[in-house]
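Just so we're clear, the structure is a prediction, and the values are computed from it rather than from any experiment. Below, chains carry the letters A, B, ... as their sequence lines are ordered, and counting in each starts from 1.
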Amino acid sequence: MEGAEESPLERERRLKVERLRARGVEPYPWEFPDRVPVSDVLGRCAALTPGAVATNGPARVAGRLRGIRQVGKTAFADLEDLSGSLQLFLRPDELGEPAYSQWLGDLDPGDLVGADGRPMVTRRGEPSLRVERLTLLAKAIAPPPEKFHGLKDPEARLRRRYVDLLSSAETRARFRARSLVVREVRRFFDAHDFLEVETPILVPVASGAAAEPFVTRSGYLDEGLQLRIALELPLKRLLVGGFERVYELGRSFRNEDMDATHSPEFTMLEAYWAYSDYTDMRRLMEAMYVRLAARVAELLPDLPAAREAVELFRPPFEVVDFVEALEGASGIAGIDTRSREELRGLARAVGATVPDRSPAGKFLDKLFEHYVEPTLLRPTFVVDHPLSTSPLAKRHRSKPGRIERFELYCRGYELANAYTELNDPDDQVRRFAEQLAERGVEHYALDRDFVEALRYGMPPASGVGFGVERAFMALTGTPSIKEVILFPLTRSAGSAGPRPEP
RNA sequence: GGGCCCGUAGCUCAGCUCGGUAGAGCAGGCGGCUCUUAACCGCAAGGUCAGGGGUUCGAAUCCCCUCGGGCCCGCCA
């Protein structure tokens with residue numbers, strides 16, 4: 001398709017490179033200093049009437065050439081940079097006659113060019129730059145996608161994201177917004193006196209969640225290693241160590257199937273807050289989402305879903321009791337007093353295929369997913385889950401058989417998970433033991449070190465974890481996680497896949 | 001893991017039911033046009049129809065396998 005073998009179009013463009021070099025034009029120069037964003041020129045044009053040329057000095061811009069329209073002895077070209085798109089107005093009397101014709105012969109859509117000239121507005125009212133001098137900044141050999149439809153093929157958009165980005169201002173805006181939303185998340189936790197920390201990605205045994213890890217190996221240590229699946233346990237060790245508010249924002253890895261809301265590598269945030277409980281944390285999460293919704297509406301004013309996010313994430317979010325919600329939706333009474341076997345039967349009855357030896361909490365999760373989760377379209381805190389659903393949360397202070405936990409749901413999927421953290425080392429041992437009944441003993445070594453840490457005393461605390469991609473998806477109404485990851489994992493086989501360079 | 005759908009020029013797509021010389025638009029080439037903006041008009045060029053096998057006188061089209069992708073279901077604290 002492409003790569004080592006060039007298409008006739010690319011050969012045509014290489015001929016242009018030769019021609020340019022022959023007339024002393026370097027197709028890949030080293031610098032282009034002092035250019036201003038296209039939006040600056042657009043701003044200056046706003047003060048001009050149609051047909052007028054700015055008299056308050058020249059302007060220099062740089063960007064990618066998109067379309068070139070030649071109309072008799074005049075040419076129009078669209079120059080795009082990150083700030084916007086500006087029309088270049090090209091005339092032989094401004095550029096000089098040999099130069100004008102040579103440029104039109106050797107420039108193509110997709111080329112990166114610099115332009116010096118004066119802001120103007122055409123008679124038809126289009127803000128433009130009356131170009132006095134052109135500079136080629138990088139010749140594009142590969143032609144860009146079609147100017148109107150862009151790159152549509154979903155596979156090509158993922159595998160060659162750079163082409164998707166260079167041809168779609170919308171894609172650029174979405175990923176820029178993701179970065180700035182992440183910046184806003186950091187600002188939020190920083191402003192609340194949380195300390196950002198970094199903990200290991202390579203660990204002997206991945207823990208803190210129940211997911212399949214990626215495994216690798218240290219040649220020097222001659223030991224197996226895993227990539228982390230959660231940030232929880234190292235961060236709690238920091239609470240033991242005396243840090244009072246910590247958070248980590250980083251990649252986690254889960255060797256599970258991929259779908260619209262699951263990616264093998266994803267960015268996770270976990271925060272731990274000493275001397276607070278899950279109600280404090282609930283308020284903090286609510287405040288964070290209110291803030292992020294406002295930010296997203298600012299960043300993507302043209303996206304309807306982003307504008308609606310402000311309304312969607314308007315506080316207070318609804319709060320529902322896990323058991324009450326499940327009983328209400330399923331019509332099953334006394335669900336938290338049912339035996340494991342009964343729950344298994346109920347879960348199977350709604351189509352869940354869960355192993356026999358799973359703990360009761362697994363069956364409750366299945367029932368909740370089936371009956372309640374799809375109905376939680378607006379932000380909703382589900383609180384006070386049955387004890388068997390998590391080994392790391394503290395027992396509820398007043399509801400027997402429950403834990404102090406909340407999950408935030410929105411648009412039918414989970415956005416955050418939080419507990420009042422379990423800090424009683426003896427209870428932690430019992431709760432792990434229950435979980436280990438159906439997991440492998442190889443997990444015991446690391447868990448025991450965590451219990452050892454708790455024996456030194458961890459302050460009462462709340463903790464929260466959430467997936468950054470899902471948060472951004474919920475805020476922007478993006479249905480697929482691959483649309484918010486720059487380079488999502490794909491199979492490497494196939495003609496369009498990455499190839500070693502010749 | 002199960003089901004459905006898709007893969008044709010650099011890009012966006014027709015053609016596939018009902019087998020008969022592979023088509024259009026954009027981009028690129030050549031020519032024209034003094035305010036275009038998905039510019040316009042004319043001419044010429046551009047193909048491993050994802051890959052492999054089969055049926056057939058003849059396959060982009062029908063059948064089988066493989067590869068890649070999308071959606072749904074299942075699985076996934």
Side-chain angles (χ1 to χ4, degrees), chain A residues 1-2 5-13 15-16 50-51 66-78 85-93 105 107-110 120-128 130 140-160 163-164 167 207-212 229-230 232 254-264 351-355 358-359 361-366 368-369 385 388-393 403 405 407 414 417 419 435 438-439 465 479-480 482 488 490-497:
Chain A
M1 270 172 93
E2 34 76 270
E5 285 183 35
E6 285 196 343
S7 72
L9 295 116
E10 292 172 339
R11 236 169 282 129
E12 197 71 48
R13 287 176 174 229
L15 284 177
K16 293 180 183 182
R66 285 191 66 103
I68 303 169
R69 300 175 291 282
Q70 218 179 325
V71 184
K73 283 283 173 223
T74 306
F76 304 88
D78 299 317
S85 182
L86 173 70
Q87 176 170 270
L88 303 181
F89 184 86
L90 307 165
R91 292 288 294 265
D93 50 3
L107 288 179
D108 290 295
M120 67 169 283
V121 174
T122 61
R123 295 207 287 271
R124 293 285 179 88
E126 180 72 21
S128 307
R130 190 181 179 88
I141 299 300
E146 205 249 8
K147 61 187 171 189
F148 188 63
H149 298 94
L151 192 64
K152 279 270 185 54
D153 178 10
E155 185 176 348
R157 290 186 53 239
L158 302 184
R159 289 189 189 275
R160 291 185 290 173
V163 180
D164 183 25
S167 64
S207 61
E212 192 63 31
I229 57 174
E232 180 148 359
R254 295 186 179 181
N255 202 348
E256 309 273 1
D257 289 358
M258 305 157 64
D259 64 28
T261 56
H262 295 82
S263 171
T353 57
V354 195
S358 303
K362 170 66 76 62
F363 303 129
L364 286 166
D365 281 334
K366 285 288 145 200
F368 189 84
E369 278 171 35
H385 301 53
S388 57
T389 61
S390 171
L392 294 165
I403 49 179
R405 174 182 184 186
E407 289 178 295
E414 184 188 337
N417 182 30
Y419 316 127
Q435 185 195 38
E438 101 275 357
R439 291 183 69 193
S480 167
K482 290 184 177 177
T490 51
R491 284 181 211 276
S492 58
S495 57

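Applying the side chain to side chain contact (heavy atoms under 4.5 Å, CB included) criterion to A/T74, with sequence neighbours excluded, gives A/F76, A/F89, A/R91. Evaluation of the side chain to side chain contact (heavy atoms under 4.5 Å, CB included) rule for A/A140 yields A/R13, A/D111 as partners, not counting sequence neighbours. Residues passing the side chain to side chain contact (heavy atoms under 4.5 Å, CB included) test with A/E12, sequence neighbours excluded: A/L15. Remark: A/E407 pairs with A/H385, A/R405, A/Y409, A/E414, A/N417 by the side chain to side chain contact (heavy atoms under 4.5 Å, CB included) rule, at least two apart or across chains. By the salt bridge (Lys or Arg N to Asp or Glu O under 4.0 Å) test, A/D164 pairs with A/R157, A/R161, sequence neighbours left out. Remark: A/S85 pairs with no residue by the side-chain hydrogen bond (donor to acceptor under 3.5 Å, both in side chains) rule, at least two apart or across chains. Partners of A/R254 under the salt bridge (Lys or Arg N to Asp or Glu O under 4.0 Å) rule, at least two apart in sequence or in another chain, do not exist in this structure.
The base-pairing partner of B/C43, taking Watson-Crick or G-U wobble contacts with both distances under 3.5 Å, is B/G29. Pairing partner, B/G7: B/C67, with both Watson-Crick or wobble hydrogen-bond distances short of 3.5 Å.
Per the geometry, CZ belonging to A/R11 stands 16 Å off C1' belonging to B/A27, to the nearest Å. As rounded to whole Å, 17 Å separates atom P of B/A27 from atom CG of A/L151. Put simply, CD on A/E256 is 13 Å from C1' on B/G74, counting in whole angstrom units.
The side chain of A/E126 lies closest to B/U37 when the candidates are B/U37, B/U34, B/C75.
In this structure, A/D257 reaches the bases: a heavy-atom distance under 4.0 Å links it to at least one base atom across the strands shown. Among the heavy atoms of the strands, none lies under 4.0 Å from A/R254. Base contact: A/G208 has a heavy atom under 4.0 Å from a base atom. Using a 4.0 Å heavy-atom criterion, one finds that A/G67 contacts no nucleic acid atom at all. Within the nucleic acid shown, A/A75 has no heavy atom closer than 4.0 Å to any nucleic acid atom.
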Identify all pairs in which a protein N or O lies below 3.5 Å from an N or O of nucleotides 29-32 of chain B, and state each distance.
{"from": "B/G29", "atom 1": "OP1", "to": "A/K16", "atom 2": "NZ", "distance (Å)": "2.8"}

Polar atoms only, N or O, under 3.5 Å: list the protein pairs with nucleotides 69-73 of chain B and their distances.
{"from": "B/G69", "atom 1": "OP1", "to": "A/R491", "atom 2": "N", "distance (Å)": "3.1"}
{"from": "B/G69", "atom 1": "OP2", "to": "A/R491", "atom 2": "NE", "distance (Å)": "3.0"}
{"from": "B/G69", "atom 1": "O4'", "to": "A/E155", "atom 2": "OE1", "distance (Å)": "3.1"}
{"from": "B/G70", "atom 1": "OP1", "to": "A/K482", "atom 2": "NZ", "distance (Å)": "2.8"}

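Side-chain N/O atoms of A/H149 and base N/O atoms of B/C11 include no donor-acceptor pair closer than 3.5 Å.
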